[in-house]
Amino acid sequence: MDATVGNGGDTLALCELVGETGHVIGFDVQETALERTRERLLQAGMLERAQLLLCGHERLREHVSAAPQAVVFNLGWLPGAAHTVTTRTETTLAAVSAAAELVAPGGIVTVCIYPGHEEGQRELAALLDWAAGLDVRIYNALHHRFLCAPAHAPQLIVIQKLPGALRFC
């Protein structure tokens, strides 16, 4: 699942990973993002592996019929577009929380955060607090940041649902 398709790079990578029998669901609130992603997948011969939805990632629970193996979030704004539309802390927290619950045992949720703008800073702080509060019997949580980079450099949170996690749910 690609929770923020953007220009389609992550969506394409996921389509390659799932193979001919796999399926990727992609979300974005901007039609331009879906058009760019659709074109990228079409050129790569991968369009049939994806379902692209014009809706916010906070609604991912409505569109999941089976536990995904991976959920990818690449926050911020659409590259190459105006910076007026950005992911928002409240919807991101709802989406990431739902993704962590829904992901299959052994699966992962990755969240790339860009704290170089005010909302990105809010998202980073909220997501770090959220991830720190996860149940260690169910999840591993990793925070990666570049030590020799500026404070606004992207940061990554990786959540793994432990393989035996179902026994705790």
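In this text, all values refer to a predicted model and were calculated from it rather than measured experimentally.
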Check residues 121-131 and write down every donor-acceptor pair under 3.5 Å in which the side-chain atom is one partner and the other belongs to a residue at least two apart or another chain.
| residue | atom | partner | partner atom | Å |
| --- | --- | --- | --- | --- |
| Gln121 | NE2 | Pro115 | O | 3.4 |
| Arg122 | NH1 | Glu119 | OE1 | 2.7 |
| Arg122 | NH1 | Glu119 | OE2 | 3.1 |
| Arg122 | NH2 | Glu90 | OE2 | 2.8 |
| Glu123 | OE1 | Thr87 | OG1 | 3.1 |
| Glu123 | OE2 | Thr87 | OG1 | 2.8 |
| Glu123 | OE2 | Thr92 | OG1 | 2.8 |

### Query
If every non-hydrogen atom of Val5 is compared with every non-hydrogen atom of Gly26, which pair is closest and at what distance?
CG1-CA, 3.5 Å

### Task
Let me know which of Glu39, Arg40, Arg36 forms a side chain to side chain donor-acceptor pair (under 3.5 Å) with Asn7.
Arg36

### Task
Answer with yes or no whether the hydrophobic clustering places Val64 together with Val72; edges join I, L, V, M, F, W, Y residues whose side-chain heavy atoms lie under 4.5 Å apart.
no

### Message
Using the ring-ring contact (aromatic ring centres under 6.0 Å, His included) criterion, which residues pair with His152? Sequence neighbours excluded.
### Response
none

#### Entry: side-chain contact (heavy atoms from CB on, under 4.5 Å) between Val18 and His23, intermediate numbers included
CA-CA 6 Å; Val18 300; His23 184 72; 5.9 Å; no

### Query
If you count the non-hydrogen atoms of other residues, nucleotides and ligands that lie under 6.0 Å from CZ in Arg88, is the total more than 12?
no

### Message
Please determine whether residues Phe73 and Phe27 belong to a single hydrophobic cluster, defined as Ile, Leu, Val, Met, Phe, Trp and Tyr linked transitively by side-chain heavy-atom distances below 4.5 Å.
### Response
yes

### Task
Answer whether the closest heavy-atom distance between the side chains of Asp10 and Thr110 falls below 4.5 Å.
no

### Message
Between Ile159 and Val96, does the side-chain contact (heavy atoms from CB on, under 4.5 Å) criterion hold? Intermediate values first, please.
### Response
CA-CA 10 Å; Ile159 306 298; Val96 171; 5.5 Å; no

### Query
Between CD1 of Ile108 and CD of Gln69, what distance do you get to the nearest 0.5 Å?
10.0 Å

### Message
So which atom in Tyr114 and which in Leu75 form the shortest heavy-atom distance, rounded to 0.1 Å?
### Response
CD1-O, 3.0 Å

### Query
Rounded to the nearest 0.5 Å, what separation is found between the CD atom of Gln51 and the CD1 atom of Ile25?
5.0 Å

### Query
Are any of the side-chain heavy atoms of Val29 and Val85 separated by less than 4.5 Å?
yes

#### Entry: Pairing of Arg61 and Glu101 as salt bridge, 4.0 angstrom limit
yes

### Summary
In this structure, OG1 of Thr11 is separated from CE of Met46 (nearest 0.5 Å) by 12.5 Å

### Message
So does Asn74 get a backbone contact from the side chain of Thr4, meaning a donor-acceptor N/O pair under 3.5 Å?
### Response
yes

#### Entry: Nearest atoms (heavy-atom pairs only) where Cys15 meets Val24
N-CG2, 3.7 Å

### Query
Does the side chain of Leu162 come within less than 4.5 Å of Arg137's, by heavy atoms?
no

### Query
When rounded to the nearest 0.5 angstrom, what is the spacing between CG in Leu34 and CG in Leu52?
5.5 Å

### Task
Specify whether Trp77 and His117 have parallel, tilted or perpendicular ring planes, treating 30° as the upper limit for parallel and 60° as the lower limit for perpendicular.
tilted

### Message
If hydrophobic clusters are built by linking Ile, Leu, Val, Met, Phe, Trp and Tyr wherever their side-chain heavy atoms come under 4.5 Å apart, do Val103 and Leu156 end up in the same one?
### Response
no

### Task
Say whether Leu47 and Leu14 are linked into one hydrophobic cluster, either directly or through other cluster members, by side-chain heavy-atom distances under 4.5 angstrom.
no

#### Entry: Stepwise side-chain contact (heavy atoms from CB on, under 4.5 Å) test for Glu35 and Gln30
CA-CA 9 Å; Glu35 290 170 7; Gln30 296 181 80; over 6 Å; no

### Message
To check you understand the geometry: which heavy-atom pair defines the closest contact between Ala99 and Val71, and what is its length?
### Response
CB-CG1, 3.8 Å

### Query
So which heavy atom on Ile113 is nearest to which on Gly120, and how close?
CG2-O, 3.8 Å

## Note on the structure
On a heavy-atom basis, the closest approach of Ala104 and Lys161 is O-CB, 3.9 Å

### Query
What's the verdict on side-chain contact (heavy atoms from CB on, under 4.5 Å) for Glu62 and Cys55, showing C-alpha distance, side-chain angles and the deciding distance?
CA-CA 11 Å; Glu62 299 170 31; Cys55 69; over 6 Å; no

### Task
Please check if Ile138 and Val111 belong to a single hydrophobic cluster, counting links between Ile, Leu, Val, Met, Phe, Trp and Tyr side chain heavy atoms closer than 4.5 Å.
yes

### Task
For atom CD of Glu31, decide whether the heavy atoms of other residues, nucleotides or ligands shown that lie under 6.0 angstrom number more than 12.
yes

